[in-house]
Peer 1: 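Here's a structure for you.
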Amino acid sequence: LDQRKSRAILAFVLMALLAGLALLPFASRSPWLSVQTCAFKGATGLPCALCGVSRATQAALRGDFARACYLNVAALPAIAMVTSVSLLLWYEALSGSAVIAWGKFPKRIRPLLPLLLVVFCVYWIIHLVDAVRRAKSELVDVRNPIARFISERFSDSQR
């Protein structure tokens, strides 16, 4: 495939992903849609940094930004980034000229990886504390003994 076709295909895949997430609530309920896919949450009952992103994306794409922020605020910049990259790829595919040197992108971002990792970990801690303190049942499974213990600790420390 030439670069124009591959960019158009990638842009289509990214937009199809967003559209699929937006339409997921309208899908018929099937057992495979409710399977626990997060190993961290399955083991601890606590949310990982990305827990709630798909539901938050669905809410944001429906225009319910308050619900999206409640579930996981990281979904909003992720939607903006996926949409921007997709539009840029469409533009590059249609115009035939590259706007960004995609091959150099990994080399340019490599020095920022330690900082991005720290930001990611800090965000995860904030997301985790918020989910436990506000008792977000969508994100915290108190049937798990670890999550129940931590939830009880937080409620005891507030009294």
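If you read the sequence from its start, that first residue is 1, and numbering goes on from there. In this text the structure is predicted, and so the values were computed from the model without any measurement.
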Peer 1: Write down the atom of Leu71, the atom of Gly52, and the distance for their closest heavy-atom approach.
Peer 2: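 So the two residues come closest at CB-O, 3.9 Å.
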Peer 1: For Arg148 and Arg143, which heavy atoms make the closest approach, and how far apart are they?
Peer 2: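 Arg148 and Arg143 have their closest heavy atoms at NH1-O, 3.3 Å.
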Peer 1: Would you mind checking if Lys136 and Asp130 are paired as a salt bridge, meaning a charged N to carboxylate O distance below 4.0 Å?
Peer 2: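 Result for this pair is yes, salt bridge flagged.
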Peer 1: Answer yes if Val82 and Val99 sit in the same cluster of Ile, Leu, Val, Met, Phe, Trp and Tyr residues linked by side chain heavy atoms under 4.5 Å apart, and no otherwise.
Peer 2: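 As far as the 4.5 Å side-chain criterion goes, Val99 and Val82 are connected within one cluster.
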Peer 1: For the residue pair Trp124 and Phe120, does the interplanar ring angle fall in the parallel (under 30°), tilted (30 to 60°) or perpendicular (over 60°) class?
Peer 2: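 If you compare the ring of Trp124 with that of Phe120, the planes turn out tilted.
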Peer 1: Using modelled atom types and a 3.5 Å cut-off, is there a donor and acceptor pairing between side-chain atoms of His127 and backbone atoms of Cys51?
Peer 2: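 Yes: the side chain of His127 pairs with the backbone of Cys51.
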Peer 1: Give the minimum heavy-atom separation between Phe65 and Leu76, together with the two atoms involved.
Peer 2: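 In terms of heavy atoms, the two residues are closest at CD2-CD2, 3.9 Å.
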Peer 1: From Cys121 SG over to Leu116 CG, what is the distance, rounded to the nearest 0.5 angstrom?
Peer 2: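 Between atom SG of Cys121 and atom CG of Leu116 there are 11.0 Å.
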Peer 1: Quick check on the hydrophobic clustering: are Leu50 and Leu139 connected, directly or via other members, by side-chain heavy-atom contacts under 4.5 Å?
Peer 2: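 Leu50 and Leu139: separate clusters.
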Peer 1: Would a 4.5 Å heavy-atom cut-off, applied to side chains only, mark Val142 and Val140 as touching?
Peer 2: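 The answer is yes; the side chains approach within 4.5 Å.
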Peer 1: Salt bridge between Asp64 and Arg62, side-chain N to carboxylate O under 4.0 Å?
Peer 2: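 No, no charged N to carboxylate O under 4.0 Å.
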Peer 1: Would Leu46 and Val122 show up in the same hydrophobic cluster when neighbours are defined by side-chain heavy atoms closer than 4.5 Å?
Peer 2: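 In one cluster with Leu46: Val122, no.
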Peer 1: Just verifying a value: how many Å separate Leu10 CG and Leu88 CG, rounded to the nearest 0.5 Å?
Peer 2: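 Answer rounded to 0.5 Å: 10.5 Å.
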Peer 1: Identify the heavy atoms of Ser86 and Ala11 that sit nearest to each other, and give their distance.
Peer 2: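 Smallest interatomic distance, heavy atoms only, reads OG-O, 3.1 Å.
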Peer 1: Is the backbone of Val53 close enough, under 3.5 Å, to the side chain of Thr57 for a donor and an acceptor to pair up by distance?
Peer 2: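 Yes: the side chain of Thr57 pairs with the backbone of Val53.
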Peer 1: Starting at OG of Ser6, measure out to CG of Leu89 and round the result to the nearest 0.5 Å.
Peer 2: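 Interatomic distance, Ser6 OG to Leu89 CG, rounded to 0.5 Å: 8.5 Å.
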Peer 1: Are Ile125 and Val119 grouped together when hydrophobic residues (ILVMFWY) are joined by side-chain heavy atoms under 4.5 angstrom apart?
Peer 2: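 No, no single cluster joins them.
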Peer 1: Heavy atoms only: give me the nearest Ala56-Asn72 pair and the separation to one decimal.
Peer 2: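 Heavy atoms only, the tightest pair is CB-O, 3.6 Å.
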Peer 1: Just how far is it from atom OH of Tyr70 to atom CD of Glu138, taken to the nearest 0.5 Å?
Peer 2: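 Answer rounded to 0.5 Å: 4.0 Å.
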Peer 1: Please say whether more than 12 non-hydrogen atoms of neighbouring residues, nucleotides or ligands are located less than 6.0 Å from CZ in Phe149.
Peer 2: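 Incorrect, the count does not exceed 12.
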Peer 1: In Å and rounded to the nearest 0.5 Å, what is the OH to OG distance from Tyr91 to Ser97?
Peer 2: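 Rounded to the nearest 0.5 Å, the OH-OG separation comes to 5.0 Å.
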Peer 1: Any donor and acceptor pair, going by atom type alone, linking the side chain of Asn144 with main-chain N or O of Ala43 inside 3.5 Å?
Peer 2: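 Yes; judged by distance alone, with no hydrogens or angles, the pair exists.
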Peer 1: Heavy atoms only: give me the nearest Arg7-Glu92 pair and the separation to one decimal.
Peer 2: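 Nearest pair, atom of Arg7 first, then Glu92: NE-OE1, 2.8 Å.
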Peer 1: Roughly how far, to the nearest 0.5 Å, is CD1 of Ile109 from CG of Leu115?
Peer 2: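 So the CG of Leu115 and the CD1 of Ile109 are separated by 10.5 Å.
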Peer 1: Hydrophobic clusters here meaning ILVMFWY residues chained together by side-chain heavy-atom distances under 4.5 Å, can you tell me if Leu61 and Phe12 are in one?
Peer 2: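 Yes, Leu61 and Phe12 fall within the same hydrophobic cluster.
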